[in-house]
Number of protein chains: 2
Amino acid sequence: MGRTPPHPEVSQFDLQQVLEALVDPVRRSIVAQLDASDADIPCGGFDIPVSKSTATHHFNVLREAGLIRQHYVGTSRMNSLRRAEMDEVFPGLLDALTRQPAKKT
Amino acid sequence: MGRTPPHPEVSQFDLQQVLEALVDPVRRSIVAQLDASDADIPCGGFDIPVSKSTATHHFNVLREAGLIRQHYVGTSRMNSLRRAEMDEVFPGLLDALTRQPAKKT
DNA sequence: ACCAAAGTACGACCGATGTCAAACTTCGAC
DNA sequence: GTCGAAGTTTGACATCGGTCGTACTTTGGT
C-alpha cells in the first residue's frame, strides 16, 4: 500500500468537483486545519468527529478534487494543502472559505 | 399569493447554507445569469433545464440562503442578486464562483 | 365573469452521499 | 518473525436532495 495515490493535474481541476468537496463541513475542517498548519499532517492527526474509514473517504474526495496532496511516510499518510495550485485555478476561493466566518449568536 | 416571502438578514447568513446553495450547477447558473444581468429577472426568464416546480425549489433555496431577493410584479416573481450583502459577509466568494472557469478540452 | 399565464404546494421517486463496523494490508519496532 | 499502529476496503444502511407531474392559487387581460 506504499504506492502514492493518483493526483489530478492543475489542468484537470474542476469547479464542480471542488465545490462538492468543500461543501462538507468535515472536509472544510480538514482544509482549514491544513491551511493553519505549516507542516504536513498525517490522516490520524486531524481533529474530526468521524471514524477512520469515513476519514479515509473524506481524504480521497479531497485528493481527487485536487485540494490536498498525499504521500506516505512509513505507515502514515501525510497530507498537505495544494494552496498555490488552487489559487491559480480558482483565485479567491480558498481565501473566502478559510477566512472562517465568526458564527455570531 | 402576492405576499413577499421571508428573506434572511445579513446577520443570519450562514456559510454552510450558502455553499449548499451554490454547489448545485442549476443554482450557480441562476446566480451567474443574475450576476450578468443589470435588471431583475422573473423566474420564468432563466435558461435552466428543469421543470417549473423544480425551479421553484431552486429559487427557494437561493432565497433562504440569502443569495437572491424576490418580489412580485403582477403574477411574475422577480429575482435579483444580493451581491453587495454577500460580498460583505463572504468577501471574494461570489467573485471566485462567477468568474466562470473556461472549461477546456 | 372567464381564461390563460406564472408560480406554488404536495407527493412520490431515486440516485448520491455520509456514516459505520469488520476484516484486511503494510510498515516499523522490538 | 511477531505485534501493534495506521490506513484501506468492502458492504450495508440511512438520509438527503434534485427531479417530476398534477393539482391548486393568484393575477391580469378581455
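Numbers restart at 1 for each chain; the letters A, B, ... are given by sequence-line order, proteins then strands.
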N/O (side chain, B:Ser51) to phosphate O (OP1/OP2, D:dC20) under 4.0 Å: yes
For atom CD of B:Glu64 and atom P of D:dG17, their distance in whole Å: 12 Å
Closest to side chain of B:Thr75, choosing from D:dA5, D:dC20, D:dT27: D:dT27
side-chain hydrogen bond (donor to acceptor under 3.5 Å, both in side chains) evaluation trace for A:Thr54 with A:Ser51: CA-CA 5 Å; A:Thr54 301; A:Ser51 70; 3.2 Å; yes
Sugar-phosphate only, base, or nothing, as touched by A:Asn60 at under 4.0 Å among non-hydrogen atoms: nothing
Atom pair distance, as rounded to whole Å: NE2 in A:His71 and P in D:dA6: 16 Å
Whole-Å distance separating the CD atom of A:Glu20 from the P atom of D:dC16: 19 Å
Atom-pair distance (CG on A:Asp40; C1' on D:dA6), nearest Å: 16 Å
5' priority, DNA chain C, between B:His57 and A:Pro49 [closest heavy atom]: B:His57
N/O (side chain, B:His58) to phosphate O (OP1/OP2, D:dT19) under 4.0 Å: yes
Candidate pair B:Gln33 and B:Ser29, rule side-chain hydrogen bond (donor to acceptor under 3.5 Å, both in side chains), full reasoning: CA-CA 6 Å; B:Gln33 290 178 51; B:Ser29 171; 3.0 Å; yes
Whole-Å gap separating P (C:dA16) and CG (A:Asp24): 18 Å
Aromatic ring pairing B:Phe59/B:Phe46, orientation class (parallel under 30°, perpendicular over 60°, tilted between): tilted
Rounded distance (Å) that lies between atom P of C:dG7 and atom CD1 of B:Ile68: 12 Å
Side-chain ion pair, A:Arg83 and A:Asp87, N-O less than 4.0 Å: yes
Whole-Å distance separating the NZ atom of B:Lys52 from the P atom of D:dT26: 15 Å
Distance test, side-chain N/O of A:Ser76 to OP1/OP2 of D:dA5, below 4.0 Å: no
Side chain of A:Val50 - closest among C:dG18, C:dC20, C:dA6: C:dC20
For atom CZ of A:Arg27 and atom C1' of C:dT19, their distance in whole Å: 12 Å
hbond_proxy B:Ser53 side chain to D:dG21 base (donor-acceptor, 3.5 Å cutoff): yes
Single-linkage hydrophobic cluster A:Leu93~A:Val61, side-chain heavy atoms < 4.5 angstrom: no
Sugar-phosphate only, base, or nothing, as touched by B:Thr54 at under 4.0 Å among non-hydrogen atoms: base
